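What follows is one structure encoded as structure tokens, with my remarks underneath.
As the structure is a prediction and not an experimental result, all values here were calculated from the model. Residue numbers start at 1 and run along the sequence shown. Computation of the quantities below employed the complete heavy-atom set of this structure, encompassing side-chain atoms and omitting hydrogens, waters and symmetry-equivalent molecules. First listed ligand is number 1; within each ligand, the first listed atom is number 1.
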Amino acid sequence: MERAPAGLKGRSFLSLLDFTPLELRRLLNLSARLKARRRAGGAGGLLAGKNILLLFEKTSSRTRCSFELGAAEEGARVTYVGPGTSQFGKKESLEDSARLFGRFYDAIGFRGFGNHETVRDLARFSGLPVWNGLTDDDHPTQVLADLLTIEEHARKPLAETKIVFCGDTRNNMAYAWIYGCARMGMRFVAYGPRELAPDPAVLARAEAAAPGAKLSFSDDPACLEGADVIYTDIWASMGEEDRVAERVKLLAPFKVTEESLARTGNPDVLFMHCLPAFHDFETGFAAEWRARGLDIREVEDSVFRGPRSVVFDEAENRLHTIKAVMVATLAERADSVFSEHSG
Ligand code: CP
Ligand code: NVA
């Protein structure tokens, strides 16, 4: 029988680099069990009586819904504080706000501007476990969901998997993948323009935490060869909307196309994307830019909708993995989910 994620209770989930491969393995196993239990109509209640704050400075669909629904299914109460609706960061400092939240809640899910120090300080001043739902330089709950998705589809162990991240390799998703691959022993290639190569400090941090990590950068499409996963993300992240035009110029050669998939030489290659994605002109944003003469799509529609795409499996797995993070770090009796649902 598998064991519960021992030692995770009371901990924050700020970055995948903070966890050992065994701890991440246990979180993935717990996610798979919670997913199976939900599909079988099994009962929740693992977070009964807990009070959770969702403090979101940036917009969200998947992450917010996963936290809210996951918490509700396990019996917790949630307060959602959305962008621009609290004193946080404007009339009240991070420290004072965190001290307040520490008096009311049992844990905080945070999405916002800022970086690792922001979420670390939120945890420090509140005294609570903090779950990082995206910052400017990380998005660990997304990569946890992606790892589960790869395991569900791939025909080889994670440690033998090669992922090529195409496009803006200096953003939060690329960095979350660098940390995730370093931890799980996966080969990671950042494929994009030199101007947007990963910050060397990020690579150094990952390599210091996981010596021997297989991380590299390339602007040569030959790096796609042998890939098991082609991953991409939007070209201008939240807060970077004023950079769209310059990004399109730099990143257009790195758009994911049918040709990119063919170049891998792997008929089983997976196409992955954290979403939301620009793959057609059905959003006001993409349509407005097209009217101004720019194609902002980071992936071809046929790839996005095609047989190698697992993007909505990833999206569903956000719920199961975020629930696992909440249960492992907050539940009084996380062990019971293993004994009751083993096998
Ligand atoms: N992938 C992701 O984090 O989606 P949302 O921005 O909708 O939460
Ligand atoms: N890089 C994107 C990820 C969205 C989930 C952003 O920060 O907007």
Side-chain angles (χ1 to χ4, degrees), residues 13-16 31 54-71 78 80-83 109-116 118-119 131-150 163 165-180 190-192 196 198-199 202 229 231-244 246-248 250-251 254-256 271-279 283 285-286 289 296-299 304 309-323 325-326:
F13 189 82
L14 304 185
S15 170
L16 295 188
S31 305
L54 295 184
L55 181 61
F56 276 39
E57 295 181 307
K58 294 179 177 174
T59 53
S60 169
S61 296
R62 278 143 290 270
T63 311
R64 175 186 174 179
C65 294
S66 297
F67 274 114
E68 284 213 31
L69 182 58
V78 174
Y80 172 72
V81 173
F110 176 80
R111 164 172 288 208
F113 300 97
N115 52 23
H116 190 70
T118 311
V119 277
W131 305 311
N132 182 352
L134 182 146
T135 53
D136 291 344
D137 65 1
D138 210 340
H139 196 6
T141 61
Q142 177 69 49
V143 170
L144 194 65
D146 295 337
L147 292 173
L148 181 66
T149 310
I150 292 170
I163 168 162
F165 189 101
C166 306
D168 178 9
T169 70
R170 190 172 276 190
N171 76 7
N172 44 13
M173 270 315 310
Y175 290 177
W177 265 114
I178 286 171
Y179 301 142
Y191 171 51
L196 293 172
D199 181 343
V202 168
V229 175
Y231 204 104
T232 196
D233 187 9
I234 54 172
W235 289 344
S237 289
M238 288 180 275
E240 296 183 331
E241 287 75 10
D242 58 335
R243 300 201 180 155
V244 169
E246 77 185 64
R247 291 289 170 80
V248 170
L250 280 172
L251 291 168
F254 301 92
K255 175 184 295 210
V256 177
F271 170 70
M272 302 182 76
H273 192 307
C274 55
L275 307 183
F278 293 120
H279 57 94
T283 61
F285 197 73
W289 278 105
I296 67 164
R297 294 171 304 162
E298 68 273 6
V299 56
F304 185 88
S309 174
V310 293
V311 295
F312 288 102
D313 291 342
E314 296 174 76
E316 180 194 331
N317 283 338
R318 298 300 306 286
L319 171 62
H320 310 303
T321 45
I322 279 180
K323 195 189 276 186
V325 167
M326 293 192 289

Fill in: Test of proximity, Cys274 against ligand 1: N or O pairs below 3.5 Å
yes

Item to complete: Answer with yes or no whether Leu275 contacts ligand 2, where contact means a heavy atom under 4.0 Å from a ligand atom.
Response: yes

Worksheet entry | Note, Met272 side chain near Ile150 side chain (heavy atom, < 4.5 Å) | yes

Worksheet item: Do the ring planes of Tyr231 and His273 sit parallel (below 30°), tilted (30 to 60°) or perpendicular (above 60°)?
Response: parallel

Worksheet item: Where the side chain of Ser237 meets the backbone of Glu240, is there a donor-acceptor pair that is under 3.5 Å apart?
Response: no

Worksheet item: Should Arg111 be counted as touching ligand 1, given the test is an N or O pair under 3.5 Å?
Response: yes

Discussion item. Only heavy atoms of Thr63, strictly under 4.0 Å: list the atoms of ligand 1 that pass.
Written reply: 2 (C), 3 (O), 5 (P), 8 (O)

Worksheet item: What residue and heavy atom of the protein are closest to atom 8 (O) of ligand 2, and at what distance?
Response: Met238 N, 2.8 Å

Discussion item. So, taking the atom named OG in Ser15 and the one named CD1 in Ile178, what distance separates them when rounded to the nearest 0.5 Å?
Written reply: 11.0 Å

Discussion item. With heavy-atom distances below 4.0 Å as the criterion, list the atoms of ligand 1 near His139.
Written reply: 2 (C), 3 (O)

Worksheet item: Which protein heavy atom lies closest to atom 4 (O) of ligand 1, and at what distance to 0.1 Å?
Response: Arg62 NE, 2.8 Å

Fill in: Which segment of Leu134 sits under 4.0 Å of ligand 2 when only heavy atoms are counted
side chain

Worksheet, complete the sentence: In ligand 1, the atoms that come under 4.0 Å of a heavy atom of Ser61 are 5 (P), 7 (O), 8 (O)

Worksheet item: What about Trp131 and Phe67, are their ring centers closer than 6.0 Å?
Response: yes

Worksheet item: Any N/O of Ser60 closer than 3.5 Å to an N/O of ligand 1?
Response: yes

Worksheet item: Honestly, is Arg64 close enough over Tyr80, meaning NZ or CZ under 6.0 Å from the six-membered ring centre and within 45° of the axis?
Response: yes

Worksheet item: What protein heavy atom sits nearest atom 2 (C) of ligand 1, and how far away is it?
Response: Arg318 NH1, 3.3 Å

Worksheet item: Between Leu134 and ligand 1, is there a nitrogen or oxygen pair with a distance under 3.5 Å?
Response: no

Response to the item:
When distances are taken from atom 3 (C) of ligand 2, the protein heavy atom at minimum range is Asp233 OD2, 3.6 Å

Worksheet item: What are the atoms of ligand 2, with element, lying closer than 4.0 Å to any heavy atom of Asn171?
Response: 1 (N)

Discussion item. Looking only at the side chains, is there a donor atom on one of Asn171 and Asp233 sitting less than 3.5 Å from an acceptor on the other?
Written reply: yes

Worksheet item: Is the shortest N/O to N/O distance between His139 and ligand 2 below 3.5 Å?
Response: no

Discussion item. If we set the cut-off at 4.0 Å for heavy atoms, which region of Asn172 has an atom near ligand 2: side chain, backbone, both, or neither?
Written reply: side chain

Practice prompt. For Arg111 and Lys58, work out which heavy atoms get closest and say how close.
Written response: CD-O, 3.6 Å

Item to complete: For the pair Asp136 (side chain) and Gly114 (backbone), establish whether a donor and an acceptor sit closer than 3.5 Å, ignoring hydrogens and angles.
Response: yes

Practice prompt. Just say parallel, tilted or perpendicular for the rings of Tyr179 and Tyr175, cut-offs at 30° and 60°.
Written response: tilted

